[in-house]
Amino acid sequence: MTVRFPKLDDNDNQIKDENNNPVYFGTTTKTKNLTLWVVGVDSVKYKRSTDTTWQTPSGTIYVPKGQTIQFETYKTPTNAPCWPENYPIWEDSATGTNTTASVDFNTISTSTSDTKKVTAKCGTSKKSVDVITYDFDSLTVKETAYTNNYITKPGSTESTLYVCHKPNNNTKITLSTNMSPNITSTSEMNYVLWSVEGNDANPSNGNFNGNSSEVTLIPSADLQHTFTVKAGLDINRNSTLEAGEVRETITVIVMSIKSFSITGQNQDGNFSSAYLPSDSEVCFSTDWGGSVKIKLGAVFYPNTPEVYSRACWTLNGDSTNKANGTYSNQPIEVTLSPLGNHEYTFKAGLDANYDGYLQTSEATHTIKIKILSVKVTPENAGGAVGTTPLTECMEGREITYTANIPSWTSFSENVKYKFCFKKANGTEDWNQIKYINANSVETTNVFSDYVSNSPSADANHHYFDTPVYVEATYKGVTATSNVKNIRVYRLYIMQFGDHAQSKHLKVCVGSNIEYEATASSDCQSWYWEMPDGVFNAWNISSNKKSGTDIKIPYSDLARASNSWFGDAYGSVYVQCYDGENTKYTFTGSKWIKVFFPPDVNVDGSTPTNDKPPCWFVFWKNGGVIENIGSFNFSQEELNGKYQNGQLYIGKTCLNKRTAIQLTRKVRSGYTSSTVTVTGNDEYIDAVAGTISHELYHQFTYTHTGTDDDGDMVTNSRENTPEKTHFPKTFIDDYDSYDLSSNIPGYSAYTRGDQEFRCRLENIHGKQSIDKSKDWAADNRNPLWK
């Protein structure tokens with residue numbers, strides 16, 4: 001290499017001659033071979049105090065506030081004999097001219113974009129490492145179950161957190177922290193350390209993820225409920241929360257409720273006390289309709305003003321939670337009204353969420369307060385369908401009495417019910433019938449012994465009175481019910497119903513009725529009728545005490561409407577005279593249900609087109625099935641048809657159907673599709689499906705358009721079905737689902753896609769049914785069964 005050295009002036013500018021040519025030292029050019037090294041910065045590595053080797057950064061490195069990091073720079077080329085004099089130079093966060101630099105990071109980055117650079121420079125060559133310095137932004141300790149019960153540091157003047165102990169369980173707290181800047185998505189959060197001192201579940205330290213960690217607080221055996229929570233950054237990366245690294249300390253005190261204090265007034269006016277643990281039960285009694293006064297209190301731990309200022313009470317979920325607010329146990333007095341509710345839930349606890357209310361059962365203890373107040377009720381007049389409590393009856397009837405304690409939901413032992421009444425002669429004292437142990441809110445007893453076989457009463461009145469009352473005993477507390485007087489006569493309807501099918505309280509027009517009354521043996525001159533209506537809707541007549549020879553005539557059926565059936569005109573009246581010619585009457589008010597014979601016409605003969613069967617007449621008359629009013633009846637052997645613009649329901653429409661599966665023909669571009677058509681309906685459901693079936697036939701004949709395959713389903717509806725339960729069909733094949741090969745009688749049918757959709761309507765488009773208006777005497781009708 002030839003090297004010439006230019007002559008420079010004092011400003012390092014090259015000197016030139018008069019011809020503007022550069023001037024060099026010497027007058028001749030000399031040549032000498034030299035080795036020249038151009039050195040630059042290759043990389044920068046770092047090392048924490050716990051690292052044994054230098055680390056190559058893969059990106060930004062994160063450093064907790066207060067940590068010192070060593071950096072080392074490496075030259076390029078690596079075989080250069082040395083760095084140039086006074087190089088490398090450290091810049092930005094580092095200083096010096098050595099190959100290593102030590103940096104103390106004490107300034108927190110304002111954001112994840114605010115990096116602190118450490119730069120090594122040699123001439124114009126530079127390499128930098130980006131550093132984020134972070135620290136706690138906030139530290140939160142809160143009770144897991146509640147929103148407002150927490151303490152946050154730094155910046156908070158509070159250093160003690162009060163939380164609530166769960167009954168028979170342990171309290172959970174959530175430990176969490178936010179970092180500044182927000183680096184929760186990096187592994188640095190794994191270097192947040194916590195310790196919970198005084199907790200058996202978390203001895204010493206725990207290396208928790210700092211974003212959110214839950215800890216179960218387990219009180220020690222001596223029930224000391226104070227814990228110390230510490231948190232810090234693992235600056236030395238040794239998984240140990242050292243004293244110098246602890247940033248925040250919080251004291252957690254777990255509050256609890258120790259016992260209840262309950263006093264209540266019984267019937268004798270005295271107060272009884274009970275100091276009870278959680279989930280206990282206490283019972284007081286009162287007369288039916290009376291009230292009970294009780295006092296409610298509780299004892300809390302620890303016994304400090306802070307705890308008692310947050311004491312709360314609720315009774316049956318009363319939203320007006322009453323806070324105690326004093327430094328002692330001061331019970332509150334409450335008056336309970338058994339008529340409204342006989343069982344109360346008393347909760348005492350603490351305002352765990354700092355919002356003035358008693359929160360969930362996790363912060364409370366609960367006790368059941370039962371008020372024993374029993375009521376006796378005789379059965380309803382007219383049997384189970386009656387609404388008026390029975391106060392008089394005819395001899396021979398069994399009377400059911402019910403004793404109840406309204407609104408109880410649980411029982412720790414059986415209730416004992418003692419039913420008592422007087423004999424008909426009125427000379428004996430109250431008589432115990434029996435004890436009944438029942439863990440329920442009611443029990444019944446049937447007085448058949450004395451009422452059915454009582455001695456003769458006053459001959460002038462033919463009745464006697466028997467007063468009935470009940471005593472109920474629960475957990476040693478006894479309450480006495482009201483007294484009910486029953487007057488016993490000697491007339492009652494024992495049986496009235498369809499004879500052929502042994503129905504009770506159900507009759508069918510045109511069918512024989514079995515009837516029977518009970519009365520004293522000398523009764524005669526019997527008379528029966530059904531008296532309801534402006535004129536009698538249903539006509540019966542008999543002059544016997546019992547028999548099977550009366551029926552409602554078809555002439556009543558011919559003038560009836562669907563609204564007549566059921567118990568609309570269901571009263572049955574019976575009358576008789578005793579041997580002294582005293583008249584007795586009994587009317588069961590609308591307790592008989594009247595049905596029509598479904599398979600004959602209203603004259604009782606075989607149906608025709610002009611005189612349809614009763615099921616069609618009365619379902620249509622009563623609008624029992626949606627859109628049945630648009631149909632005529634056909635006596636043909638078919639389910640239905642649409643012909644010459646008219647809709648018909650056929651005589652076989654009630655028969656059971658058979659579901660059929662059809663599969664779309666194989667064709668390119670179409671997935672396999674198998675659907676079920678027609679369904680397995682019968683009776684009224686089959687009729688509802690047939691109506692939908694025939695209405696769709698009508699629809700296709702009145703909504704025409706381009707129809708390439710002539711199946712009466714337009715191309716647009718085959719491509720885009722108008723109902724969600726219709727799958728696509730082919731526009732150039734009138735039988736896309738091969739209906740003609742799978743359903744007998746359709747082998748030459750050219751409108752298979754239309755029939756296919758109609759049969760889907762049987763299942764998916766079935767008309768709505770009001771089955772409460774179906775009064776057909778058909779064993780498939782639930783009302784008739």
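Screening Ile108, Thr110, Asp135 for a side-chain contact (heavy atoms from CB on, under 4.5 Å) with Ser180, the sole residue that qualifies is Ile108.
Contact annotation: the side chain of Lys723 never approaches that of Arg757 to less than 4.5 Å [non-hydrogen atoms, C-beta and beyond]. In this structure, Met179 and Leu233 have side chains that are in contact, with non-hydrogen atoms separated by less than 4.5 Å. With contacts defined as side-chain heavy-atom distances shorter than 4.5 Å, the pair Gln70/Trp54 qualifies.
A donor-acceptor contact shorter than 3.5 Å links the side chain of Arg664 to the backbone of Thr671. Without hydrogens or angle criteria, Ser125 side chain to Val41 main chain gives a donor-acceptor distance under 3.5 Å. Of the possible donor and acceptor atoms, one in the side chain of Ser109 sits under 3.5 Å from a partner among the backbone N and O of Asp114. With Asn149 contributing its side chain and Ala352 its backbone, the two residues share a donor-acceptor pair below 3.5 Å.
Between Lys126 and Asp92 no salt bridge is recorded (no basic side-chain N to carboxylate O distance below 4.0 Å).
Here the CG atom belonging to Asn353 is positioned 8.0 Å from the NZ atom belonging to Lys142, to the nearest 0.5 angstrom.
Taking the six-membered ring where the residue is Trp, Phe71 and Tyr46 present tilted rings, their angle falling between 30° and 60°. Tyr670 and Phe730 have perpendicular rings, their planes meeting at more than 60° on a 0 to 90° scale where under 30° would count as parallel.
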